[in-house]
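Since we're looking at a predicted model, the values are computed, not measured. In this chain, residues are counted from 1 in sequence order.
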Amino acid sequence: RSETVIGDSPRSYRVRGVRVIEDCVQYSLSSKLGEHSDFAITSYRKLLPVVDGAALFFNAPMDLSSMALKLDQPDEAFVSSRMIGKIMRGARAKPQSFLPLFEFSELRLNEKIVPRQISWLSTWMLERLDWDDVIAKRRNNWRSLLGMLEEADLTDRIQPIFKVLGNDDIPLGLVVSVFAGVRDGLRIFLANENIFCPVHWPLEHLREEDTLPVERDLASRVLTLPIDQRMSSDQIERYVKVLASFFNQASMAKFLER
């Protein structure tokens with residue numbers, strides 16, 4: 001764009017005192033954090049096996065001493081419930097044993113926001129994790145899952161929203177669109193197989209039925225198939241077999257009878 005329309009440029013907003021905060025929570029391992037903003041917020045527990053830990057990045061040096069910001073101690077109830085839940089899940093405990101712990105910890109995030117120090121446990125873990133290895137394995141597992149879905153002829157029923165990773169993309173999961181309104185049934189089916197898929201960007205809060213119809217339709221179909229750096233090729237293969245079993249005739253007939 002030419003300089004004659006600089007009134008719409010990011011620079012013009014900064015001149016007026018406007019600052020942009022970028023949510024990079026699901027993009028926390030990227031080397032391009034905050035390219036389009038003044039501040040970038042991350043959350044490492046979304047992508048790494050830690051129970052807490054986040055960062056706030058600036059695009060220029062900043063003196064925080066003038067803010068006199070004092071961080072509270074870590075929320076031990078949050079940290080403990082997350083860690084115990086992770087240990088129980090790793091030990092293959094029943095979901096009804098560890099899911100309430102995760103729910104309890106998430107509900108604590110809905111309370112008053114208090115800036116806190118990172119826990120000792122997560123600090124210890126972050127210093128010992130091979131971040132480059134995590135990035136490589138997440139990307140490889142994403143490609144493996146996509147490839148196996150294509151080999152199993154499932155991509156007509158589970159359509160990937162994106163089929164190519166950018167050079168700096170570190171996926172949280174494989175985002176797919178599930179056909180024919182069976183997304184919620186598939187999600188329940190997978191949960192019963194200990195595969196817990198998040199649903200992002202729900203739009204049930206919109207009151208007007210004719211508001212954002214395209215976005216509403218996508219929100220009703222989208223599902224994120226989680227990808228973890230600790231997944232082996234055998235686990236990904238089982239993943240695809242579970243998905244295929246849902247879409248066979250018996251499973252579909254049982255689901256449609258509900």
Side-chain angles (χ1 to χ4, degrees), residues 1 8-11 13-14 19-50 53-60 125-126 129-179 183 186-187 190 195-203 212 214-233 235-237 239-240 243:
R1 302 180 65 182
D8 293 331
S9 71
R11 196 183 86 186
Y13 288 121
R14 291 189 178 97
R19 296 294 181 264
V20 177
I21 302 174
E22 187 174 0
D23 180 356
C24 296
V25 165
Q26 297 182 28
Y27 201 56
S28 297
L29 301 183
S30 171
S31 63
K32 297 182 179 179
L33 291 175
E35 279 197 336
H36 308 289
S37 62
D38 301 284
F39 304 93
I41 301 171
T42 69
S43 176
Y44 294 122
R45 70 185 184 90
K46 297 288 186 181
L47 294 159
L48 298 172
V50 295
L56 174 63
F57 292 90
F58 314 119
N59 65 1
M125 294 177 69
L126 287 172
L129 286 172
D130 186 337
W131 293 41
D132 291 334
D133 184 62
V134 167
I135 291 170
K137 286 181 177 177
R138 277 189 171 271
R139 289 172 59 87
N140 289 338
N141 285 344
W142 187 93
R143 293 192 183 100
S144 294
L145 177 57
L146 177 61
M148 289 186 188
L149 288 175
E150 292 173 343
E151 291 175 6
D153 292 326
L154 287 173
T155 51
D156 59 335
R157 299 180 176 187
I158 311 173
Q159 299 176 347
I161 303 296
F162 304 101
K163 291 189 175 182
V164 178
L165 287 177
N167 293 333
D168 202 55
D169 290 340
I170 300 94
L172 179 67
L174 179 64
V175 184
V176 298
S177 172
V178 183
F179 91 116
R183 190 272 309 275
L186 174 59
R187 189 184 185 200
L190 292 174
I195 300 172
F196 302 100
C197 302
V199 173
H200 299 289
W201 320 293
L203 298 179
L212 304 173
V214 175
E215 289 78 3
R216 279 179 179 272
D217 177 60
L218 179 60
S220 70
R221 292 184 287 110
V222 74
L223 189 70
T224 298
L225 303 177
I227 288 295
D228 193 289
Q229 61 269 20
R230 294 162 292 186
M231 293 174 66
S232 66
S233 57
Q235 289 172 321
I236 296 174
E237 185 175 349
Y239 205 156
V240 175
L243 287 166

Item to check | Minimal non-hydrogen separation, V50 against M125, with atom names | outcome: CG1-CB, 3.9 Å
Item to check | Interatomic distance, R221 atom CZ to Q159 atom CD [nearest 0.5 angstrom] | outcome: 7.0 Å
Checklist entry - Between D168 (side chain) and S31 (backbone), is there a donor-acceptor pair under 3.5 Å? => result yes
Next on the checklist: Please find the pair of heavy atoms, one from P49 and one from Q229, that lie closest to each other, and give the distance.
Outcome noted: CD-NE2, 3.7 Å
Next on the checklist: I need the minimum non-hydrogen distance between P160 and V176, along with the two atoms involved.
Outcome noted: CA-CG1, 4.0 Å
Item to check | Pair D169-V164, side chain to side chain contact (heavy atoms under 4.5 Å, CB included): steps then yes or no | outcome: CA-CA 9 Å; D169 290 340; V164 178; over 6 Å; no
Checklist entry - Between CG of L33 and CD1 of I41, what distance do you get to the nearest 0.5 Å? => result 11.5 Å
Item to check | side chain to side chain contact (heavy atoms under 4.5 Å, CB included) evaluation trace for V134 with I170 | outcome: CA-CA 9 Å; V134 167; I170 300 94; 5.8 Å; no
Checklist outcome for this item: Rounding to 0.5 Å, atoms CZ (R183) and CG (L223) come to a distance of 6.5 Å
Item to check | Exam field: side chain R138 to backbone P171, donor-acceptor pair closer than 3.5 Å | outcome: yes
Checklist outcome for this item: Correct closest heavy-atom pair for S28 and S43 would be OG-N, 3.0 Å
Checklist entry - What pair of heavy atoms forms the shortest contact from C197 to T224, and how long is it? => result CB-O, 3.3 Å
Throw together a table of side-chain donor-acceptor distances under 3.5 angstrom for residues 143-156, partners on residues two or more places apart or in other chains.
unit_1 : atom_1 : unit_2 : atom_2 : d
S144   : OG     : N140   : O      : 3.0

Item to check | Smallest separation among heavy atoms of M231 and P226, with atom names | outcome: SD-O, 4.1 Å
Checklist entry - Would you say the ring centroid of F162 lies under 6.0 angstrom from that of W142? => result no
Next on the checklist: With a 4.5 Å cut-off on side-chain heavy atoms, are Y27 and L47 touching?
Outcome noted: no
Checklist entry - Given V222 and V175, is the side chain to side chain contact (heavy atoms under 4.5 Å, CB included) satisfied, shown in steps? => result CA-CA 7 Å; V222 74; V175 184; 3.4 Å; yes
Checklist entry - Can you tell me how far the CD1 atom of I227 sits from the OH atom of Y239, to the nearest 0.5 Å? => result 6.0 Å
Checklist entry - Would you say I195 and L225 make side-chain contact, with heavy atoms under 4.5 Å? => result no
Item to check | Spacing of D217 atom CG and E215 atom CD [to the nearest 0.5 Å] | outcome: 9.5 Å
Checklist entry - Does L29 reach the side chain of T42, with side-chain heavy atoms less than 4.5 Å apart? => result no
